[in-house]
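Every value quoted in this text rests on a predicted model; they were computed, and no experiment measured them. Naming convention: chains lettered A, B, ... in sequence-line order (proteins, then strands); numbering from 1 in each chain. The basis for the numbers below is simple: all heavy atoms, side chains too, and nothing from hydrogens, waters or symmetry mates.
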Amino acid sequence: MPIVLHDTLSREMRPLSLKAGKSTFGMYCCGPTVYGPAHIGNFRTFTLQDVLRRTLEVDGLKVKHVRNITDVDDKTIRGAQAAGQTLTDFTKKWTEKFHADCKALGLLTPQVEPSAVAHIPQQIAMIQALVERGHAYVSKDGSVYFKVHSCKGYGKLSHIDFSKQETQATNSAGEANDADEYERESASDFALWKSRKPEDGNNFWPSPWGEGRPGWHIECSAMSLAHLGATFDLHGGGIDLCFPHHENEIAQTECATGINGFAAHWFHSAHLLVEGEKMSKSKGNLFTLDELVAKGFSPMEVRYALIAGHYRTSLNFTMKGLEDARSALGKIERGVEKLLQVAGFTKAEFSVPTVMETQTAWGRFAHAWEVLQHDLNIPGCLGQVFTMLADKSELTEAQARHDLSGLGKILYALGLVLFTEVAGPSAPANVVALAAQRWSAKQAKDFAAADRLRKELTELGWTMLDHKDGYDLKK
RNA sequence: GGCGCGGUAGCCAAGUGGUAAGGCCGGGCUCUGCAAAAGCCCCAUGCGUCGGUUCAAUUCCGACCCGCGCCUCCA
């Protein structure tokens, strides 16, 4: 059964499958602008794209995932100058940070991660094609603009009728759209190539229209064309990119290539709220992964919290949500442990994906998988997983193995890696000594002393968890 | 104003034309010297409001109220 997904352009549920004659499913996702650490809002989008990719792979499709690095734009140029670094050094630093965060969150590496700077010639070629075909014009200062009126169907993704809105002169805040700033013919036209300006510093490239740098939208059009062709299977991004970025990508690529039908499917994910409020720097709720880890949450808990809501609904990200995620992951781990026991597998065997790949069974998790296949319903799928884990039917070894095969594939699709718990901070010597004392007292049945020592430990911020033959210390 | 999303228990969050998944919290019990952990059980006659269609609506239709997003470079 193919995966069915809501498509932003047609606004319909559509099955995702390989086009006739194709062997890979091509998906392009707009990547980060590398001028600082990505925040959890960015990672919600990237994580959901990762789940989509993994789900497609579990479904048997060979996926070619392309996610670009935006390394030339106003923000990266400004950031590099503020840091006193070259654009290359500056963006390299933040690209590496991005990769480290992705790895921690368990995101699979895209097959291609093109950089905008590395595709300047392709962008220039595309702009040239647009000028030649009459879809773009060169302004007096050497900038090039896309002529929105020349593009039939512009607005089809965001469903905006530009024939009636062509002279929109103000934005939502009531501010005038500065149509003269770049000598545009129309306020709707957008820059393909920006002529060199003093504030760009050394960041300019030669072009047929003089020195300058590419506009933002053309970067993605050129990179998707270079790596996936004029048409491909799916394009993803945050909902905010729907307009204008993706609308412009469609216009640029279709007008430059003359081929209708850019991305067959549009996958947009809703935004994140933090503690019920929109994320913003001024509210101080723009968390990075590092900040959450510093608060004591594991990247896997963050991942769970980020995918725990449906991708088309905005998700309220809270500290309590992270704690919920921790408990829920623990519950899944205990359920899996129980199944492993019955199946006669070790934890290590479970975490090796190849074990799962050789298994085709779904066991009692077939329904959970069906739920996930329907519009990437992660919360519904998780609900079904918990329902099955709570089912107390007696299982044979074979049945448990089938369950593990199915559950293993679902957990792989969700990118949830279990049993990664690293040891907490080790206790200081005085705490260790107190704990040892209490254990002795308890063994000697001197419960008054044991209780007194437990209290002391609590005051030091440590909890002693007694087991049958020993104890753990937890902060 | 245009386009779009949503309002389901204390919190988070699925879902369905036939009477509400799941997670967290909370309560009870079991097991533990205590504590914790864990296990078991309980926890929405109700799905923004008001109408309509229907044998039956939270689910379809209409109106309204409320919250949110985008509307030229924010995932």
Worksheet item: Does the gap between the ring centers of A:His246 and A:His268 come in under 6.0 Å?
Response: yes

Fill in: Rounded distance in Å - CZ (A:Arg326) to P (B:A37)
13 Å

Practice prompt. Please name the pair of heavy atoms, one in A:Leu372 and one in A:Ala413, separated by the smallest distance, quoted to 0.1 Å.
Written response: CD2-CB, 4.0 Å

Practice prompt. Mark this stacking check for A:His159 against B:G4 as yes or no, applying ring centres under 5.5 Å and ring planes under 30°.
Written response: no

Response to the item:
From the candidates B:C73, B:G69, B:C12, the one with an atom nearest any side-chain atom of A:Asn316 is B:C12

Worksheet item: Whole Å only: how far is the CD1 atom of A:Ile239 from the P atom of B:G4?
Response: 11 Å

Worksheet item: Is there a Watson-Crick or G-U wobble partner for B:G26 with both distances under 3.5 Å, and if so, which one is it?
Response: B:C42

Worksheet item: Among the nucleotides B:C73, B:C34, B:A75, which one has an atom lying closest to any side-chain atom of A:Thr45?
Response: B:A75

Worksheet entry | Polar side chain donor-acceptor pair, A:Asp71 to A:Thr76, under 3.5 angstrom | no

Discussion item. Taking atom types as they are modelled, would you say the side chain of A:Arg44 forms a donor-acceptor pair with the base of B:A75 within the 3.5 Å cutoff?
Written reply: no

Item to complete: Please measure how far the C1' atom in B:G4 lies from the corresponding atom in B:A9, and state the result in whole Å.
Response: 29 Å

Discussion item. When the C1' atoms of B:C73 and B:A13 are compared, how many Å lie between them, rounded to an integer?
Written reply: 34 Å

Worksheet item: Do A:His39 and A:Phe287 have ring centroids that are under 6.0 Å from one another?
Response: no

Worksheet entry | Distance-only donor-acceptor test, A:Asp240 side-chain atoms vs B:G69 base atoms, 3.5 Å | no

Discussion item. For a quick check of understanding: with a heavy-atom distance under 4.0 Å over all strands, which category does A:Leu272 fall into, base, sugar-phosphate or nothing?
Written reply: base

Response to the item:
The nucleotide from B:C25, B:A36, B:U72 with an atom nearest the side chain of A:Ser327 is B:C25

Item to complete: Report yes if a donor N or O on one partner sits less than 3.5 Å from an acceptor N or O on the other, where the partners are the side chain of A:Arg312 and the base of B:C5; otherwise report no.
Response: no

Item to complete: Could you give the distance separating B:G15 and B:A21 at their C1' atoms, to the nearest angstrom?
Response: 7 Å

Worksheet item: Hey, which of these two, A:Phe43 or A:Tyr154, hits RNA chain B nearer its 5' end, going by closest nucleotide?
Response: A:Tyr154

Practice prompt. For A:Gly238, report the nucleic acid contact type (base, sugar-phosphate, nothing); a contact means any heavy atom under 4.0 Å.
Written response: sugar-phosphate

Worksheet item: Less than 3.5 Å between a donor and an acceptor, one on the side chain of A:Lys194 and one on the base of B:C73, is that the case here?
Response: yes

Item to complete: For this output row, return yes or no: ring centroids of A:Tyr311 and A:Phe267 closer than 6.0 angstrom.
Response: yes

Worksheet item: So, for A:Tyr304 and A:Phe297, is the gap between ring centers shorter than 6.0 Å?
Response: no

Worksheet item: In Watson-Crick or G-U wobble terms, both distances under 3.5 Å, what is the partner of B:A21?
Response: none

Item to complete: Answer with base, sugar-phosphate or nothing: what part of the nucleic acid does A:His39 contact at a heavy-atom distance below 4.0 Å?
Response: base

Discussion item. Side-chain N or O of A:Lys75 versus OP1/OP2 of B:C74: is the shortest distance under 4.0 Å?
Written reply: yes

Worksheet item: Is the side chain of A:Arg454 donor-acceptor paired with the backbone N or O of A:Met464 at a distance under 3.5 Å, no angle test?
Response: yes

Item to complete: State whether A:Lys320 places a side-chain N or O below 4.0 Å from either non-bridging phosphate oxygen (OP1 or OP2) of B:G23.
Response: no

Practice prompt. Would you kindly compare A:His271 and A:Arg11 by the position of their nearest RNA chain B nucleotide and give the one closer to the 5′ end?
Written response: A:Arg11

Discussion item. Taking any heavy-atom pair under 4.0 Å as a contact, classify A:Gly321: base, sugar-phosphate, or nothing.
Written reply: nothing

Response to the item:
Looking only at B:G69, B:A14, B:U72, the nucleotide nearest the A:Pro244 side chain is B:U72

Worksheet item: Given the P atoms of B:A35 and B:G27, what is the spacing between them in whole Å?
Response: 14 Å

Response to the item:
In whole angstroms, the gap separating P of B:A75 from CZ of A:Phe46 amounts to 7 Å

Item to complete: Report the distance from atom CD of A:Gln123 to atom C1' of B:C73, rounded to the nearest whole Å.
Response: 14 Å

Worksheet item: To the side chain of A:Lys278, which of B:G22, B:C70, B:G4 is closest?
Response: B:C70

Worksheet item: Taking atom C1' in both B:U45 and B:C31, what distance in whole Å separates the two?
Response: 36 Å

Fill in: Check: A:His235 ring centre within less than 6.0 Å of A:Phe262 ring centre
yes

Discussion item. Over all strands shown, is A:Thr463 touching base, sugar-phosphate only, or nothing at heavy-atom distances under 4.0 angstrom?
Written reply: nothing

Worksheet item: Is the A:His149 to A:His135 ring centre distance short of 6.0 Å?
Response: no

Discussion item. So, under a plain 3.5 Å distance rule, would you say the side chain of A:Asp466 forms a donor-acceptor pair with the base of B:C34?
Written reply: yes

Worksheet entry | Value in whole Å for how far the P atom of B:C41 lies from CG of A:Asp391 | 11 Å

Worksheet item: Has A:Asn377 got a side-chain N or O lying under 4.0 Å from the OP1 or OP2 atom of B:G15?
Response: yes

Discussion item. Rounded to whole Å, how long is the line connecting atom CD of A:Glu277 with atom C1' of B:G67?
Written reply: 13 Å

Discussion item. Work out how far the P atom of B:A44 is from that of B:A20, and round it to whole angstrom.
Written reply: 10 Å

Worksheet entry | Nucleotide B:A37, atom C1' - distance to CD of A:Glu337 in whole Å | 13 Å

Worksheet item: Counting side-chain heavy atoms from C-beta on, which of B:A14, B:C70, B:C73 comes nearest to A:Thr313?
Response: B:A14

Item to complete: Quote, to the nearest angstrom, the P distance that separates B:C47 from B:U59.
Response: 9 Å

Discussion item. Classify A:Lys392 by what it touches in the nucleic acid, base, sugar-phosphate, or nothing, heavy-atom distance under 4.0 Å.
Written reply: sugar-phosphate

Item to complete: Let me know the distance between NE2 of A:His310 and C1' of B:G23, rounded to the nearest Å.
Response: 18 Å

Discussion item. For A:Trp369, does the six-membered ring have the charged nitrogen or CZ of A:Lys409 within the cation-pi criterion, i.e. under 6.0 angstrom from the centroid and within 45° of the normal?
Written reply: no

Worksheet item: OP1, OP2 of B:G39 versus side-chain N and O of A:Arg334: anything below 4.0 Å?
Response: yes

Worksheet entry | Nearest-neighbour nucleotide for the A:Asn42 side chain, B:A75, B:G22, B:C24 considered | B:A75

Discussion item. Only pairs with both distances under 3.5 Å count, Watson-Crick or wobble alike; so what is the partner of B:A35 in this structure?
Written reply: none

Worksheet item: Applying a 3.5 Å limit to both distances, which nucleotide forms a Watson-Crick or G-U wobble pair with B:C50?
Response: B:G62

Discussion item. Side chain of A:Pro379 only, heavy atoms from C-beta on: which candidate in B:C71, B:C24, B:A13 is closest?
Written reply: B:A13

Worksheet item: Roughly how far apart, to the nearest Å, are B:C70 and B:A63 at atom P?
Response: 26 Å

Practice prompt. For B:G4, give its Watson-Crick or G-U wobble partner with both distances under 3.5 Å, or none.
Written response: B:C68

Worksheet item: Does anything in residues 433-448 of chain A reach RNA chain B, meaning a heavy atom under 4.0 Å, and if so which residues?
Response: A:Arg438, A:Lys442, A:Phe447

Worksheet item: Do A:Met27 and A:Asp233 come close enough that some side-chain heavy atom pair is under 4.5 Å?
Response: no

Worksheet item: Think A:Lys331 has a side-chain N or O under 4.0 angstrom from the OP1 or OP2 of B:C24?
Response: yes

Worksheet entry | Side-chain H-bond candidate by donor/acceptor type, A:Asn248 with A:Tyr154, under 3.5 Å | yes

